[in-house]
Amino acid sequence: MSQPSIPKGTRDFSPEIMVKRNYIFGIIRQAFERFGYMPLETPSMENVETLTGKYGDEGDKLIFRILDSGDYLKEVGDDTLQTRNLNQLTKSIAEKALRYDLTVPFARYVVMNQNKIAFPFKRYQIQPVWRADRPQKGRYREFYQCDADVVGSDSLLNEVELVQIFDEVLTKLKVPSTIKINNRKILYGIAEVAGIADRMMEMTIAIDKLDKIGEDGVIQELRGREFNDDSINVIKGLFGMTGDNESRLNAISVMLRGSETGQKGVDELKSIFKDVQTLGLNDCEIELDITLARGLNYYTGAIFEVKAKNVQMGSICGGGRYDDLTGIFGLKGVSGVGISFGADRIFDVMSELNVFPSGTDSTTQVLFVNFGKEEELYCMKLLRDIRKAGINAEIFPEAAKMKKQFKYADDKGIPFVATVGTDEMSKGQVSLKNMKTGDQKMISVDDMIEAIKS
RNA sequence: GUGGUCGUAGCUCAGCUGGUAGAGCUCCAGAUUGUGGUUCUGGCUGUCGUGGGUUCGAGCCCCAUCGAUCACCCCA
């Protein structure tokens with residue numbers, strides 16, 4: 001390999017970018033902990049069987065499998081090789097796979113540790129996940145998810161709090177957004193009323209595309225999937241709904257009077273809306289989106305999706321309630337609900353909106369200019385003190401030209417430069433320059449610490 | 001997995017119906033021996049993504065391959 005490269009859809013994160021990414025992770029982590037969620041980490045790789053079958057057929061194809069070590073063809077039957085049976089083959093040569101999301105490993109963890117866990121169990125998890133998707137805008141093969149889930153509680157209070165977390169984080173990050181909410185029970189109710197309960201998934205995939213391909217597009221898609229006109233007419237009834245969240249919910253309630261499940265979904269959403277309205281949100285707004293479907297198969301109740309306002313970008317967060325995720329692993333009757341922040345997309349949105357606060361350019365707050373051996377040691381004593389005072393500081397490691405040293409500070413985005421030569425040393429002071437305003441003053445060390453901290 | 005567009009200096013790109021590569025920015029040095037970002041002057045930079053083919057001759061045409069990017073599917 002002559003030119004080094006990295007795998008498709010992966011990225012290096014430079015120090016400048018990492019400072020900003022860590023800022024985002026920090027805000028999210030802080031919010032999770034503020035709401036009582038505890039950290040959890042699971043391995044990058046899981047057993048293949050843990051992951052397969054949880055994300056639908058499409059999802060299974062996007063799971064990265066890890067080739068077994070050693071002579072992995074030894075155990076493979078000749079007929080498997082002969083018939084080129086891919087499913088059979090991958091099963092016998094890859095027993096591990098990279099995690100595809102954080103929810104399924106979490107469910108696995110809960111089942112494995114059900115006797116040690118105090119329910120309701122609230123955990124958050126900030127780790128990368130991998131998908132063998134073809135990369136495109138805002139879409140990577142390795143990306144971070146920041147999940148918070150609570151299992152072992154049916155209460156809708158959890159949904160309300162999760163909406164508050166969305167609002168708190170996105171308000172702090174200066175990314176005003178619309179939190180779209182729907183309920184799988186309503187979608188089921190619609191399918192039921194339309195007489196296509198067994199094909200709910202297909203129906204939701206079609207209506208999910210409404211804002212992309214329009215009413216006619218959705219109808220065409222439904223026809224393409226060979227739904228009959230009666231069913232399509234019922235679904236059409238959704239498109240005409242206008243008004244605020246409450247009045248649309250009422251309209252849906254009327255439409256779904258024949259479906260018990262559908263009514264339950266309406267009631268759940270009404271309760272969530274009422275509470276959220278009473279408590280109020282900061283910079284986000286919550287909106288009923290009856291076409292919201294979301295791909296993940298395991299959602300059974302509320303579903304969330306968050307879109308940043310004023311930016312062309314797919315959803316930046318998602319989430320929902322799943323009644324029986326742990327059931328697949330043998331633990332029945334544990335309901336959970338969770339949300340996920342797409343940190344990579346949030347980063348892209350914040351870059352586009354230019355809303356990173358100052359101080360996310362550099363971690364170093366002040367650079368000391370190096371004049372030579374004698375001044376160097378004097379500065380290092382000062383450094384010891386101001387570092388103790390909680391300031392990130394460094395000294396240029398050699399007595400290079402001033403131009404070069406100042407340029408280094410400028411390139412790194414360091415906000416202050418301290419110059420200490422014989423003059424300052426004799427007065428016991430430092431010359432502190434604010435790199436943004438260009439102001440420079442000779443002041444005491446204590447005053448310098450004050451100036452940098454403020 | 002399917003389809004479109006594009007690969008030329010560190011970056012953004014120009015390069016005529018085929019005649020052996022250029023601009024801006026960046027970078028480096030100096031103007032300024034205790035001051036960056038602005039200004040001026042000078043300088044460095046290329047297996048034209050890779051491999052093959054056509055041709056007297058290929059950055060340009062043909063094939064393959066790799067990568068990037070966009071859309072579809074799906075999704076954070």
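Computation of the quantities below employed the complete heavy-atom set of this structure, encompassing side-chain atoms and omitting hydrogens, waters and symmetry-equivalent molecules. Note on naming: letters A, B, ... go to the chains in the order of the sequence lines (proteins, then strands), and numbering restarts at 1 for each one.
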Correct closest heavy-atom pair for A:Gly301 and A:Glu268 would be CA-OE1, 4.4 Å
Nearest atoms (heavy-atom pairs only) where A:Ser177 meets A:Ala308:
OG-CA, 3.5 Å
Using atom [atom1] of each nucleotide, how far apart are [N] and [M] to the nearest Å?
{"N": "B:C70", "M": "B:C28", "atom1": "P", "result": "32 Å"}
{"N": "B:U50", "M": "B:G59", "atom1": "C1'", "result": "14 Å"}
{"N": "B:C63", "M": "B:U55", "atom1": "C1'", "result": "16 Å"}
{"N": "B:A9", "M": "B:C25", "atom1": "C1'", "result": "12 Å"}
{"N": "B:C16", "M": "B:G4", "atom1": "C1'", "result": "27 Å"}
{"N": "B:G10", "M": "B:C44", "atom1": "P", "result": "15 Å"}
{"N": "B:G22", "M": "B:G46", "atom1": "C1'", "result": "11 Å"}
{"N": "B:C11", "M": "B:A58", "atom1": "P", "result": "26 Å"}

Quick one: label [X] by what it contacts on the DNA or RNA (base, sugar-phosphate, nothing), any heavy atom closer than 4.0 Å.
{"X": "A:Ser340", "value": "nothing"}
{"X": "A:Glu424", "value": "base"}
{"X": "A:Gly438", "value": "base"}
{"X": "A:Lys209", "value": "sugar-phosphate"}

Does a distance-only test, which skips hydrogens and angles, find a donor-acceptor pair under 3.5 Å between the side chain of [X] and the base of [N]?
{"X": "A:Arg134", "N": "B:U69", "result": "no"}
{"X": "A:Lys403", "N": "B:U35", "result": "no"}
{"X": "A:Lys8", "N": "B:G67", "result": "no"}

Indicate whether the side chain of A:Glu424 and that of A:Thr419 have a donor and an acceptor atom separated by less than 3.5 Å.
no
Taking atom types as modelled and ignoring hydrogens, do the side chains of A:Ser444 and A:Asp446 form a donor-acceptor contact shorter than 3.5 angstrom?
no
Within 45° cone and under 6.0 Å: A:Arg21 NZ/CZ vs A:Phe13 ring:
yes
Determine the interplanar angle of the A:Phe396 and A:Tyr408 rings, folded into 0 to 90°, and report it as parallel if under 30°, tilted if 30 to 60°, perpendicular if over 60°.
perpendicular
When both hydrogen-bonding distances must be under 3.5 Å and the geometry is Watson-Crick or G-U wobble, what is [N] paired with, if anything?
{"N": "B:C56", "value": "B:G19"}
{"N": "B:A29", "value": "B:U41"}
{"N": "B:U69", "value": "B:G4"}

Between [X] and [N], is there a side-chain N or O to OP1/OP2 distance below 4.0 Å?
{"X": "A:Lys407", "N": "B:C27", "answer": "yes"}
{"X": "A:Lys401", "N": "B:G30", "answer": "yes"}
{"X": "A:Gln405", "N": "B:U35", "answer": "no"}

How close or far is atom [atom2] of [N] from atom [atom1] of [X], stated in whole angstroms?
{"X": "A:Asp411", "N": "B:C28", "atom1": "CG", "atom2": "C1'", "value": "13 Å"}
{"X": "A:Glu58", "N": "B:C75", "atom1": "CD", "atom2": "C1'", "value": "10 Å"}
{"X": "A:Asp149", "N": "B:A76", "atom1": "CG", "atom2": "P", "value": "13 Å"}
{"X": "A:Asp410", "N": "B:G37", "atom1": "CG", "atom2": "C1'", "value": "5 Å"}
{"X": "A:Asp60", "N": "B:C73", "atom1": "CG", "atom2": "P", "value": "20 Å"}
{"X": "A:Phe64", "N": "B:G1", "atom1": "CZ", "atom2": "C1'", "value": "14 Å"}
{"X": "A:Tyr408", "N": "B:U35", "atom1": "OH", "atom2": "P", "value": "20 Å"}
{"X": "A:Glu305", "N": "B:A76", "atom1": "CD", "atom2": "P", "value": "7 Å"}

What's the spacing between A:Arg387 CZ and A:Glu394 CD if we round to 0.5 Å?
8.0 Å
For A:Phe341 and A:Ser431, find the nucleotide of RNA chain B closest to each by heavy atoms; which residue's nucleotide sits nearer the 5' end?
A:Ser431
Assign each of A:Asp439 and A:Ile205 the nucleotide of RNA chain B bearing its closest heavy atom; nearer the 5' end lies the nucleotide of A:Asp439
Among B:G34, B:C73, B:U35, which is the nearest nucleotide to the side chain of A:Gln136?
B:C73
